[in-house]
Amino acid sequence: MLGVTLFLRQTYKIGLSIGCFLMSQAALSAEPILPIPSSLPHDPDKAALGKLLFSDVRLSKDNSLSCESCHFLDRAGVDFLDQSRGVNGQLNKRNSPTVYNSALNFRQLWDGRIDSLDDQVRVVVKNPKVMGMDSWEETTQKLKETDNYAEQFQNIYGRPINSQDIQHAIAEYERTLLTPNSPFDRYLKGDANAINQQAKLGYQYFKSYGCVSCHQGANVGGNLFQKVGVLKDINLLKGFGTDMGRFAVTGNEWDKRVFKVPSLRLAVLTPPYFHNGSVRTLREAIDIMTEFQLGRQVPDAHKDAIIEFLKTLPGDLPKGGK
Amino acid sequence: MKINVLLLSLLLITGIALGIFYHKNAEDSAHENYMVSVNLMNQLKQTDAGLNVLLLKSRYGLQADYDELAKKSVLLSDSFAKLKKSNMARYLDTDISLADALREYEEQINLKIDLVESFKSHNAVLRNSIKYAPPLGDQLISTLENKSESDASLLKKINQALYRWSLYGDKEQADIIQDNVRKILDLLPLFSNEIPLLEYNSHVIAVVDEQEQTQNYLQNALAIDSEKTLSKLDGLYTENYLSSSANDGQLRSYAIIAYGLLALLVAFYFAMKLRGSYTQLEDKVKDRTQQINSAYKEVKESQEQLIQSEKMASLGQMVAGIAHEINTPLGYVNNNVSIVNNLFISMDTLMKGLSRVYGEAVKKPNNKEALSKQVVQVLRQYHRMEQDDIVNEAKELLDDSSHGLNDISELVKNLRSFSRLDRQLIERFDICEGLDNTLKIASSILKQSNVSVIKDYNEDVFLECNPSKLNQVFLNIITNAAQAIPETGGQLTISVKKMDDTVNIIFIDTGEGMDEETRAKIFDPFFTTKPIGEGTGLGMSISYKIVKEHRGQVEVQSEKGEGATITLSFPYQNVE
């Protein structure tokens with residue numbers, strides 16, 4: 001009699017866990033990655049003005065750099081250096097992230113210390129290691145004197161040129177820098193042939209190994225903070241550097257080595273990798289991810305499939321961008 | 001004579017200018033500014049509530065991406081920044097308690113946003129480890145089982161606790177894991193490949209740490225009563241607004257007095273006439289100020305209702321998702337109880353055996369042989385039960401069940417932040433009075449499109465219902481009607497009719513009417529004909545729900561260009 005109840009109970013438990021598992025899977029059946037919207041709300045005139053400014057070297061102290069010097073628009077929005085070089089060749093401590101889809105990120109910069117694209121412009125122009133302007137008065141004055149910016153700002157913003165509108169115009173332009181319509185997005189929207197078998201397999205691995213816990217949403221990242229080394233101490237990795245990331249912003253002990261989870265949308269196009277550009281190849285980046293973020297071993301074949309999946313993520317670069 | 005005409009026309013022009021100035025500027029823009037802040041506060045309230053729902057969804061794996069959650073956080077701080085700069089700023093210097101409430105609210109939402117960020121980070125790690133560790137543990141157990149039973153049992157204990165914990169998250173299982181986790185690495189020598197055990201170790205540790213953190217951040221975020229602070233803020237702000245608009249009213253009367261004096265100076269006999277109209281004007285001004293004040297209070301109340309309803313809609317969605325979380329332990333408890341029930345059947349057999357022995361002993365105390373046979377039989381039965389460990393088995397099952405029940409109450413606790421839904425009071429409601437009140441609230445919009453209202457009701461008709469909800473339905477219908485009527489004017493007829501078994505409330509407007517397509521969609525959520533940003537598109541769908549809750553019907557008759565007739569009917573048994 002008891003044997004039977006025990007057996008029943010055991011089967012029941014197994015059934016229960018399977019049931020729960022299925023239910024949790026069903027609940028999760030909503031895809032963790034979403035298509036990139038074809039556009040975000042913006043004013044085309046203001047964006048066009050911002051496009052001019054984005055490539056204008058007068059935004060830097062010695063007229064040597066524009067935004068585009070570190071965010072090549074025709075090449076995925078990065079500079080391919082380990083760490084970027086600002087005015088007078090000064091070395092920055094971080095790798096330049098892409099400006100494409102940055103409007104989809106919940107905060108800006110590797111440590112998320114900036115909330116909005118407008119604010120990012122405000123700060124970067126005055127950053128002595130990047131564009132090095134002394135003040136926004138200086139910047140506004142410089143732009144006022146040249147070309148017909150003053151007139152254009154008057155026409156488009158309906159008031160004299162000023163720092164706030166300059167920042168807004170560039171940010172408005174950045175809101176047009178999206179990469180919609182990728183093969184993977186088409187696949188998500190129902191076109192089963194948009195990506196190959198290997199990439200589909202890669203997506204399954206990307207989900208089942210748990211990359212999607214951090215890299216999810218429309219930007220496949222860019223919407224939360226995460227510690228590097230959640231399952232294995234990152235100090236064991238040589239060359240990871242001493243950048244404490246978000247800790248410098250908040251001062252919270254836990255925030256040491258915490259960074260904004262980067263978007264993987266254009267990852268295949270934007271080496272080198274990580275906040276300090278210390279990692280050359282996607283493959284190495286994934287090795288580090290599986291070891292330190294997932295705490296588990298992943299066979300090479302699966303990593304190859306994941307790379308195949310990542311290749312389907314970039315969409316069209318905006319026409320104006322090329 | 002000429003001068004007279006000149007002065008009179010000057011007076012007339014000043015008067016008209018003054019009138020227009022005060023009517024348009026002072027009142028309307030003050031309204032608008034006031035409404036901007038109020039709308040921002042409503043938006044904050046909604047965003048905050050939506051954030052809570054998303055937090056719970058993410059916690060229970062019903063939301064696979066953080067985009068929505070991230071957007072809500074951004075929206076929360078953006079709306080707050082706007083609120084700070086809105087009309088409210090005018091009063092911050094003079095009203096310290098308003099400034100305090102604003103600061104308190106700012107601190108609360110900043111804290112909440114931080115907690116949400118931490119929650120997201122920890123939740124992400126937790127979900128991975130809790131998915132990965134238990135099956136890995138099963139593998140390890142099966143490799144150990146052939147080698148060493150006792151060591152396998154350690155892993156079994158941990159893994160079982162892990163399974164249960166991942167399902168129900170009760171403290172006791174956490175303690176079991178905590179007590180044993182340090183022993184995992186002692187098993188290393190038993191494995192030729194150490195890696196899986198090392199992985200298992202770090203994931204079990206991750207589960208223990210992250211589960212606690214995730215839960216803490218979640219509870220702390222949900223526990224922040226920002227809604228209460230916001231209501232306080234809202235109240236204080238409205239008080240300020242009302243007293244300042246009273247000042248405006250005063251100013252207006254001063255202007256009129258000045259105007260009157262001016263007129264007095266121009267001509268005495270004009271002054272005599274003007275005097276009469278002046279007092280009349282002042283009365284009107286007072287009257288209107290009062291009307292507006294009370295209308296504002298009521299508008300705000302009805303807005304709160306709206307938010308409540310929208311919150312309920314999202315709650316409904318969430319509850320559906322969470323139902324299975326409750327169902328799981330419930331199923332488990334149910335099953336355990338029926339097994340225990342079966343165990344009691346063998347207890348019963350034993351008791352029957354004992355009572356037979358007793359009966360035998362009383363009847364034939366001397367028949368030792370038969371007696372001892374019976375005793376042996378009972379003892380054997382007892383022995384079998386002891387071997388099967390039935391008592392312990394039952395105890396364990398009951399323990400399990402009480403865990404299951406605990407888990408359910410934990411879940412219910414999580415839901416408690418939404419539990420103010422219990423406050424749905426049913427009252428005896430005078431329909432005509434409700435209509436009158438609603439018309440008062442809607443008076444400004446009715447006036448705006450020059451709607452003349454014909455009230456075709458006078459009898460007392462009562463309904464057992466939730467008055468504020470029904471008023472909300474009336475308001476939605478009347479607002480829609482007013483908006484459908486062009487600015488050149490029109491009519492809205494409202495009648496209340498007692499039918500055989502229903503009470504019908506009929507709204508007939510002479511507005512632009514609806515085509516068939518609009519008519520078909522009018523009750524769909526988020527359907528709106530208004531420009532983006534003006535309507536939520538929820539009004540009619542909420543109304544529909546409310547009417548259905550009261551077992552009523554809505555009927556819409558309309559053609560394009562022919563006005564619309566909306567009939568609400570409520571069953572008679574609701575009616576006294």
Side-chain angles (χ1 to χ4, degrees), chain A residues 1-6 8-9 12-13 15-17 19-21 23-34 104-107 112 115-116 207-220 222-227 230-232 246 250 252 254-255 258 261 293-297, chain B residues 57 60-71 73-74 77-78 114 117-118 120-129 131-132 134 136 163 166-167 195-196 198-199 202-203 205-206 210 213 321 324-325 327-328 331-332 335-336 339 342-343 345-346 384-385 387-390 393 397 400:
Chain A
M1 156 102 188
L2 190 76
V4 175
T5 56
L6 261 184
L8 273 179
R9 193 173 157 220
Y12 175 75
K13 276 191 182 169
L16 191 72
S17 6
C20 282
F21 177 71
M23 274 189 201
S24 62
Q25 290 307 96
L28 279 176
S29 70
E31 296 300 335
I33 297 178
L34 311 162
L104 301 177
N105 290 340
F106 80 136
R107 309 230 177 133
D115 284 347
S116 70
K207 288 197 282 190
S208 62
Y209 282 116
C211 308
V212 284
S213 291
C214 297
H215 299 279
Q216 33 60 48
N219 220 0
V220 199
N223 59 11
L224 80 156
F225 293 117
Q226 196 53 267
K227 204 179 185 73
V230 282
L231 278 147
K232 184 169 173 183
R246 205 160 161 69
T250 65
N252 295 335
W254 192 83
D255 282 336
V258 169
V261 173
Q293 299 301 75
L294 295 177
R296 54 197 283 192
Q297 294 202 301
Chain B
K57 275 183 160 181
Y60 293 107
L62 299 168
Q63 179 82 27
D65 67 270
Y66 291 123
D67 278 4
E68 286 304 314
L69 203 51
K71 269 184 214 152
S73 292
V74 171
S77 42
D78 282 359
D114 284 350
E117 284 317 319
S118 305
K120 276 155 68 185
S121 307
H122 289 284
N123 190 46
V125 180
L126 173 65
R127 297 206 75 78
N128 274 353
S129 291
K131 202 166 98 189
Y132 182 49
L136 180 62
Y163 266 122
S166 65
L167 284 180
I195 291 172
L198 290 172
E199 280 186 4
S202 55
H203 281 277
I205 293 172
E210 303 294 330
Q213 303 264 19
H324 88 250
E325 299 276 343
N327 237 348
T328 310
Y332 190 64
N335 185 66
N336 283 358
I339 296 176
N342 279 341
L343 295 182
I345 295 176
S346 28
R384 226 182 7 245
M385 273 178 66
Q387 239 177 6
D388 287 356
D389 208 9
I390 280 188
E393 172 76 6
L397 284 168
D400 267 1

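Lettering follows sequence order; numbering is per chain, from 1. Just so it is clear, the structure is predicted and the values come from calculations on it, not from any experiment.
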- Message: Set out, in order, the CA-CA distance, both residues' side-chain angles and the distance that settles side-chain contact (heavy atoms from CB on, under 4.5 Å) for B:V125 and A:Q226, then state yes or no.
- Response: CA-CA 9 Å; B:V125 180; A:Q226 196 53 267; 3.8 Å; yes

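Your options are A:G295, A:G222, A:A218, and the one with the most heavy-atom pairs under 4.5 Å with chain B is A:G295. With respect to chain B, the highest number of heavy-atom pairs below 4.5 Å among A:L104, A:L34, A:V212 belongs to A:L34. Of the residues considered (A:V261, A:L231, A:I33, A:N252), A:L231 shows the highest number of contacts with chain B, using heavy-atom pairs under 4.5 Å. Options A:G112, A:S116, A:G217 differ in how many heavy-atom pairs under 4.5 Å they form with chain B, and the most are formed by A:G217.
To the nearest 0.5 Å, the span separating OG on A:S208 from OH on B:Y132 amounts to 11.0 Å.
Remark: A:F225 pairs with A:F106 by the ring pair (Phe, Tyr, Trp, His ring centres under 6.0 Å) rule, at least two apart or across chains. Applying the salt bridge (Lys or Arg N to Asp or Glu O under 4.0 Å) criterion to A:D115, with sequence neighbours excluded, gives A:R107.
In this structure, no portion of A:T250 lies under 4.5 Å from any heavy atom of chain B. With a 4.5 Å cut-off on non-hydrogen atoms, B:L198 does not touch chain A at all. Contacts of B:S118 with chain A are absent, with no heavy-atom separation under 4.5 Å from either backbone or side chain.
Between the side chain of B:K120 and the backbone N or O of A:N223 there is at least one donor-acceptor pair closer than 3.5 Å. Distance alone, capped at 3.5 Å, places no donor-acceptor pair between the B:N128 side chain and the A:L294 backbone.
Considering all non-hydrogen atoms of both residues, B:A124 and A:L224 come closest at CB-CD1, 4.3 Å. When all heavy atoms of A:R296 and B:E199 are compared, the pair lying nearest together is CA-OE2, 3.0 Å.
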